[in-house]
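Structure first, then comments.
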Amino acid sequence: MRNDKPTVSFRREALLQQLESQPVWDLIVIGGGATGLGVALDAISRGFKTLLLEQVDYAKGTSSRSTKLVHGGVRYLAQGDIALVREALYERGLLLKNAPHLVKNQDFIIPNYEWWGGPFYTIGLTMYDLLAGKLSLGSSVHLSKKETLKRLSNIKAEGLKGGVLYHDGQFDDARLAVNLAQTAIEEGGTLLNHFDVRGLLKDAQGKISGVIAADQETGSTYELPAKAVVNATGIFVDEILQMDKPGAKKLVRPSQGVHIVLDKSFLPGDDAIMIPKTDDGRVLFAVPWHNRVVLGTTDTPLNEHSQEPKALEEEIDFILRTAARYLTRAPKRSDALSIFAGLRPLAAPQGDSAKTKEISRSHKILVSEAGLITITGGKWTTYRRMGQDTVDKAIALGKLPAAESQTAHMPIHGAQETTDRSNHLYVYGTDQPALQQLMAAQPELAEKLDTSLEFLKAEVVWAARYEMARTVEDVLARRVRVLFLDAQAAIRMAPEVASLLAQELGYDAQWQEEQVAAFHAVAQNYLLQAQPQPVRIKEEA
């Protein structure tokens with residue numbers, strides 16, 4: 001925690017008390033993913049009394065299921081969307097400065113198997129570097145075949161002409177979301193996860209005047225007045241819009257992205273691979289992450305959505321088939337440590353195009369007749385700008401007084417320069433010494449949760465005390481990330497995590513059993529069966 005604000009409490013009880021003491025909020029944000037957290041922190045930075053409510057957990061949805069890249073979007077540059085790329089590269093640079101413990105400069109290599117590949121991609125990526133300006137992470141360079149094979153020891157040599165090296169950002173998405181929530185609370189905001197918005201309040205003129213929400217843990221219902229309400233619920237924005245105006249036209253067209261996590265041996269070294277053009281025009285990445293490799297992604301249009309989307313067989317086949325064309329040691333289904341699917345909240349197209357890669361990734365802000373502000377689209381890299389634009393809109397509408405955003409140069413909780421990432425605790429940044437002190441005071445917490453992985457019991461206690469974790473899934477999916485790194489290991493850890501959480505939060509043996517069972521059900525979605533299974537995505541009620 002920040003040394004200058006030692007009295008800040010992340011305890012749920014303290015946050016709930018703030019609901020009672022605030023008669024009218026300046027801004028209520030619905031949704032605790034990247035977008036909602038960006039909006040809340042921006043509003044708080046301007047001095048507005050801000051409340052954020054998240055129905056499950058911070059980054060539960062799409063915001064924990066990204067390709068782990070902070071990037072301008074090489075693909076968007078190829079599509080000619082210069083403005084989007086320039087904005088994203090600027091935000092990439094700010095994020096590297098504001099959260100250096102979680103964001104790093106990552107080397108990417110494009111292997112070239114065509115004679116024209118080297119000069120073509122070098123020229124294009126030089127423009128990418130130029131658009132970043134002073135916040136560039138480094139210059140793109142052409143690599144010889146020998147140098148490419150030296151850096152990518154698992155890449156196929158036959159037909160290889162060389163490679164192009166470029167730089168982009170790599171990060172831990174859910175950890176950043178948790179740190180953003182902590183920062184917002186430290187700056188005076190009120191944020192609550194496992195808190196479900198069930199309706200919208202309206203005044204005599206039919207204008208939005210607040211929300212009706214329920215604490216998922218106690219069942220208590222609250223009527224919470226506000227001067228402005230922002231719908232930042234990602235793929236669920238249409239559900240909130242229906243609360244405002246039943247029958248409202250859908251704003252979001254979900255696009256599914258699937259990733260397979262492999263052992264680090266499939267990509268030795270520190271470089272990532274980018275395959276710029278696959279069979280159907282999609283980009284494929286192989287990215288080092290927490291001593292594993294993330295392989296993906298897909299871009300599959302869907303008409304339905306859920307909190308736990310599942311990979312389709314054709315997506316799994318696409319990733320493995322494409323990887324096999326480039327890697328000497330091709331991954332098989334049995335090599336998958338984890339598989340995860342996320343749904344991008346793309347702004348719905350005006351026509352009938354099913355090609356989601358052609359739908360703009362730019363964010364859009366809309367205001368309903370009743371005054372509900374909805375933000376949709378965008379991506380993790382531009383979360384801060386999305387928040388700034390949304391609060392600017394609330395000010396322009398006269399809902400909030402004029403005030404300047406302060407987030408561009410605001411350090412995020414835990415921020416410190418990090419060069420040594422050999423110890424997995426580096427993700428805690430400035431919190432790491434306090435975490436070490438906790439283990440010194442209680443040596444049993446220095447024990448591993450599972451002998452095969454690096455994660456410690458102390459991290460569970462820390463997650464409950466200071467990172468608002470309330471469930472086994474909160475811990476294993478979004479605090480220590482085990483579910484995304486090794487799903488079988490996460491299942492093995494669940495009983496121990498439940499026991500530690502129960503001691504910390506004051507729950508009994510029955511709660512522990514329920515938590516383990518609930519986590520086991522969720523974890524099944526992250527296991528890739530040895531044999532193909534028919535998978536369909538169902539729409540939740």
Side-chain angles (χ1 to χ4, degrees), residues 64-71 74 102-111 148-157 160 163 165-176 257-276 278 282-299 311 315-342 380 421-424 426-427 452-455 476-477 480-490 525-528 530:
S64 62
R65 303 159 191 260
S66 73
T67 315
K68 321 308 176 192
L69 303 181
V70 180
H71 62 138
V74 173
L102 294 179
V103 184
K104 71 169 186 173
N105 185 339
Q106 174 68 54
D107 290 350
F108 286 78
I109 295 176
I110 302 176
T148 302
L149 289 171
K150 180 181 178 181
R151 298 186 67 146
L152 300 176
S153 59
N154 194 30
I155 201 76
K156 287 187 176 179
L160 182 69
L165 169 71
Y166 75 98
H167 302 264
D168 239 327
Q170 191 259 12
F171 79 136
D172 186 314
D173 47 12
R175 290 294 313 174
L176 179 58
V258 169
H259 299 81
I260 295 174
V261 179
L262 305 170
D263 183 79
K264 186 70 173 71
S265 59
F266 283 90
L267 188 63
D270 298 323
D271 299 314
I273 299 174
M274 196 269 265
I275 307 300
T278 59
R282 288 181 286 200
V283 172
L284 189 79
F285 290 98
V287 184
W289 188 61
H290 291 318
N291 206 35
R292 281 85 174 170
V293 179
V294 176
L295 195 63
T297 181
T298 58
D299 200 353
E315 294 178 297
I316 297 168
D317 179 66
F318 164 77
I319 292 174
L320 295 177
R321 184 180 70 248
T322 304
R325 290 182 179 177
Y326 292 90
L327 301 179
T328 56
R329 181 189 173 199
K332 304 184 294 294
R333 298 177 71 96
S334 57
D335 294 316
L337 297 174
S338 182
I339 183 169
F340 59 92
W380 243 122
R421 297 173 186 261
S422 58
N423 184 337
H424 78 283
Y426 77 84
V427 297
S452 67
L453 277 85
E454 60 268 37
F455 304 103
L476 289 176
V480 298
R481 310 314 309 273
V482 186
L483 183 58
F484 286 77
L485 297 170
D486 190 328
Q488 289 285 10
N525 297 322
Y526 295 76
L527 296 171
L528 182 53

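We find that Arg292 and Asp486 are not joined by a salt bridge, their nearest charged nitrogen and carboxylate oxygen being 4.0 Å or further apart.
Using a 4.5 Å heavy-atom cutoff, the side chains of Asp107 and Asn105 are in contact. At a threshold of 4.5 Å between non-hydrogen side-chain atoms, the residues Leu485 and Ser338 do not count as touching. Taking 4.5 Å as the limit, some side-chain heavy atom of Arg151 sits within range of a side-chain heavy atom of Leu165. Between Ile273 and Leu327, the closest side-chain pair of non-hydrogen atoms falls below 4.5 Å. Here the side chains of Thr67 and His259 are in contact, with some heavy-atom distance below 4.5 Å. Side-chain contact between Tyr326 and Leu152: absent, with no pair of heavy atoms (C-beta onward) separated by less than 4.5 Å. Leu337 has its side chain out of reach of Leu262: every pair of non-hydrogen atoms, C-beta onward, lies at least 4.5 Å apart. Contact annotation: the side chain of Ile155 never approaches that of Thr328 to less than 4.5 Å [non-hydrogen atoms, C-beta and beyond].
Two rings, from Phe340 and Tyr526, have their centers 6.0 Å or more apart. If you look at Phe455 and His424, their ring centroids are closer than 6.0 Å.
A donor-acceptor contact closer than 3.5 angstrom is absent between the side chains of Ser64 and Asp173. Under the 3.5 Å distance criterion, with hydrogens and angles disregarded, a donor-acceptor pair is assigned to the side chains of Arg329 and Ser265.
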Would you list the atom pairs, donor with acceptor, under 3.5 Å between side chains in residues 283-291 and any protein atom, with sequence neighbours excluded?
residue, atom, partner, partner atom, Å
Trp289, NE1, Phe171, O, 3.3
His290, NE2, Asp172, OD2, 2.6

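Within 6.0 Å of the NZ atom in Lys264, the count of heavy atoms belonging to other residues, nucleotides or ligands exceeds 12. Environment of CG in Asn423: crowded, with over 12 heavy atoms of neighbouring residues, nucleotides or ligands closer than 6.0 Å.
The nearest pair of heavy atoms linking Ala477 to Arg481 is O-NE, 2.8 Å. Across Pro331 and Phe266, no two heavy atoms sit closer than the pair CA-CE2, 3.6 Å. Closest approach of Leu527 and Ala487 over heavy atoms only: CD2-CB, 3.5 Å. When all heavy atoms are compared, the tightest approach of Ile109 to Asp271 is CD1-OD2, 3.7 Å.
Arg321 forms no cation-pi arrangement with Phe318, by the criterion of a distance under 6.0 Å to the ring centre and an angle within 45° of the ring axis.
With rounding to the nearest 0.5 Å, the separation of NZ in Lys104 from CG in Asp168 is 12.5 Å. Separating the CD1 atom in Ile260 from the CG atom in Leu528 is a distance of 6.0 Å, to the nearest 0.5 Å.
The closest donor-acceptor contact from the side chain of Gln106 to the backbone of Asp270 lies under 3.5 Å.
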